[in-house]
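Input: a single structure, listed below in C-alpha cells.
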Amino acid sequence: MKSIELLEKLIAFPTVSSDSNLALIQFVAEILQSQGIESAIIPSPDGRKANLFATMGSANAPGVMLSGHTDVVPVEGQAWTVPAFSMTQRDGLLFGRGTADMKGFVACAITACLKASALDLKTPLHLALSYDEEVGCIGVHSLVEMLRKAPHPPLLCLVGEPTDMQVATGHKGKIAARATCRGREGHSALAPLALNAIHLGCDFIGALRQEQDYLATEGANDPSYDIPYSTVHVGKMNAGVALNIVPNLCEIDFEIRYVAGDDPAQIMRRIQQSAERIVSRAATIAPEAAIVIEVTNSYPGLDTPVDAQAVAFVKSLIGANNTIKVAFGTEGGLFSRDVGTPTVVCGPGSMSQGHKPDEFISVEQMRRCDDMLDNLLHRLVAGL
C-alpha cells in the first residue's frame, strides 16, 4: 500500500482529541499484522484511547523510532469547502483534517514499516503512535514510561511533525496554568465595600504582561525562533454572574512558552511573587482575598545540539545542510528528557496549514518523506 492511499484511509477516522482513536489504532495494528508485525497497544486509563508501539527487526537491540500522534483538532466552526474527514486530491494537494498535522507522516511511517518487514534490518525500526497530543502531549506519557523501562531504548527518535521536510532541533517548552482569583461579593451599588475578583484578575494580568516585558528584554534569547524569547499569554478569563453583583471569583487561564535558556521554575516563582503582592494590597479590603495558581499541564522543550550525531544522521537522509527550530510543541521533548533518546523533528507539510479549514499537504511533500524513510531503511539494513 502506498503512503497516499494509506493517508486517505487514515483521514477517514475522525480522531478528534475529544473522541476515541481506537478504531484507527486497531486498523494500523491489523495492517502491520498482515505483514507479520506485532504491535503493543497501550490503552488509556479509561480504555477509550490507546498508544501503539511496534518493532521491525530484532527486539533485542536499540533502533530508530518514528513517532507520530493520531489525534486531530476539531473542525466545528470552521468554513471547510471540502469534506474534512475524507481526502480530496486537487492540483497536487491532498485536503482533509490531519493531512499536515500529522497523518501525512503517520501514513509514510506505516508504509516504511511495511517495507521494513521484508528486509533484513541490522538496526531495528520502531513505530510509536500516540493519542491526545493536541491537548498538551498527554497521552504519550504511558508510552514514554514503557520506553524508559525498556532494556533497549531507541537510539534515535524522529518526530514527524510538519517542518516542510526541514530538520528541526528544538522547540520551546510549555506550562499551562490557571489562576483562581477570589474576592468578596456584594451589591454593585456598594461596590467599594466589596472586592471585585475581576479587578483582582486584571491586576494579575497586568503582572503577567510585566513578566512578558521582562522576558523580552532581560530573558534568554534564541534567534533560531521566530519569537526569540519566552512568552506569556492569557487565553481565557471566566468571571461574573450578573452586572449588579460584584463577582467574588475570576479564573484566568494562561501559558508560558519558554526557550531553553530560561528556567520555567524561576518564571513561575516571579509570577507567584507578583500574585502575593497583589493579594497583600487587596487584603486591606477583604482579608479573604487570594490568587491561587495551579499548573494544569506542561511539557518540556526540545534542544538537541545542532552538532549531535542524531542531527547529522537525519540531515544525511534528506541531504540538508541547515537546521531550524519550530514554534509549536511536540512530544520530542519528553522522549529526549525522560527516555534519554536523541530526538529530531522532521516531517512533511507545513504547520501553517495545521488547525485550519481546508488543511492540506502536497503530494510532493509526501514523496519527499517517502524518500527520506527509504533512505533510512537502506541505512538500517546496513547497520548504523
Side-chain angles (χ1 to χ4, degrees), residues 21-22 24-26 28-29 31-33 35-45 47 49-71 102 105-106 109-110 112-117 119-133 136-161 298-305 308-311 313-314 317 329-347 373 376-377 379-384:
N21 74 332
L22 289 180
L24 183 150
I25 289 294
Q26 188 60 42
V28 174
I31 289 178
L32 296 176
Q33 179 61 52
Q35 299 300 314
I37 304 168
E38 297 294 331
S39 301
I41 295 178
I42 310 167
S44 62
K49 303 175 183 179
N51 297 318
L52 180 146
F53 186 79
T55 296
M56 284 56 61
S58 173
N60 297 317
V64 173
M65 183 170 74
L66 306 179
S67 167
H69 63 82
T70 60
D71 59 319
M102 59 176 298
F105 175 79
V106 171
I110 295 170
C113 292
L114 297 177
K115 294 176 182 177
S117 67
L119 302 174
D120 181 16
L121 303 182
K122 288 187 172 57
T123 301
L125 177 67
H126 307 297
L127 175 68
L129 301 181
S130 69
Y131 65 91
D132 281 2
E133 187 274 348
C137 299
I138 295 174
V140 75
H141 284 278
S142 60
L143 180 57
V144 167
E145 184 64 14
M146 184 193 79
L147 293 172
R148 193 181 66 81
K149 295 178 179 178
H152 303 288
L155 288 170
L156 181 153
C157 175
L158 176 58
V159 177
E161 292 277 10
S298 66
Y299 57 75
L302 177 68
D303 194 36
T304 304
Q309 185 176 357
V311 176
F313 179 79
V314 177
L317 298 179
T330 79
E331 296 166 334
L334 289 164
F335 292 125
S336 176
R337 184 193 70 182
D338 296 347
V339 183
T341 296
T343 300
V344 176
V345 182
C346 183
L373 296 180
L376 172 63
L377 293 180
R379 300 286 290 273
L380 298 182
V381 169
L384 296 181

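Here the closest non-hydrogen pair linking Ser67 and Met102 is O-CE, 3.7 Å. Contact record, Leu22 with Gly47: CD1-O, 3.2 Å, taken as the closest heavy-atom pair. Between Pro62 and Pro124 the shortest heavy-atom distance is O-CD, 3.3 Å. Pairing each heavy atom of Phe53 with each of Ala128, the nearest pair is CD1-CB, 4.1 Å. The shortest non-hydrogen separation linking Leu129 to Leu127 is CD2-CD1, 3.9 Å. Residues Ile37 and Ser117 approach most closely at CD1-CB, 3.7 Å, considering heavy atoms.
In this structure, the side chains of Thr304 and Val311 come closer than 4.5 Å at one or more pairs of heavy atoms. The side-chain heavy atoms of Val140 and Glu133, taken from C-beta on, include no pair separated by under 4.5 Å. Residues Leu125 and Thr55 fail the side-chain proximity criterion, which asks for heavy atoms closer than 4.5 Å. Proximity of Leu147 to Thr341: side-chain heavy atoms (C-beta onward) are nowhere separated by under 4.5 Å. Glu331 is not listed as a side-chain neighbour of Val159, based on a closest heavy-atom distance of 4.5 Å or more. For the pair Asn51 and Ser142, the minimum side-chain heavy-atom distance is below 4.5 Å. Annotation: side chain of Thr330 is not in contact with side chain of Thr343 (no heavy-atom distance under 4.5 Å).
Annotation for Gln33: atom CD counts as buried by contact number, over 12 foreign heavy atoms lying within 6.0 Å.
To the nearest 0.5 Å, the span separating CG on Asp120 from CG on Leu380 amounts to 11.5 Å. Expressed to the nearest 0.5 Å, how far CG of Leu158 lies from NE2 of His126 amounts to 13.0 Å. Separating the CG atom in Leu143 from the CD1 atom in Ile42 is a distance of 5.0 Å, to the nearest 0.5 Å. Once rounded to the nearest 0.5 Å, the distance linking CG of Leu156 with CG of Leu66 reads 9.5 Å. Put simply, SG on Cys346 and CG on Leu317 are 8.5 Å apart, with the number rounded to the nearest 0.5 Å. Residue Cys157 holds its SG atom at 3.5 Å from CE of Met65, rounded to the nearest 0.5 Å.
By the side-chain hydrogen bond (donor to acceptor under 3.5 Å, both in side chains) test, Thr123 is found to be paired with no residue, residues two or more places apart in sequence or in another chain being considered. Applying the ring-ring contact (aromatic ring centres under 6.0 Å, His included) rule to Phe313 yields no partners; only residues at least two apart in sequence or on another chain are considered. Scanning for side-chain hydrogen bond (donor to acceptor under 3.5 Å, both in side chains) contacts around Asp71 gives Ser17, His69, with sequence neighbours left out.
Side-chain atoms of Ser44 come within 3.5 Å of backbone atoms of Lys49 as a donor-acceptor pair (strictly under, hydrogens ignored). Proximity of a side-chain donor or acceptor of Thr70 to a complementary backbone N or O of Ser130 within less than 3.5 Å is detected. Put simply, the side chain of Ser39 never gets that close to the backbone of Ile41: no donor and acceptor are under 3.5 Å apart.
Tested against Leu52, the residues Asn21, Leu32, Leu24 include a single side chain to side chain contact (heavy atoms under 4.5 Å, CB included) partner, Leu32.
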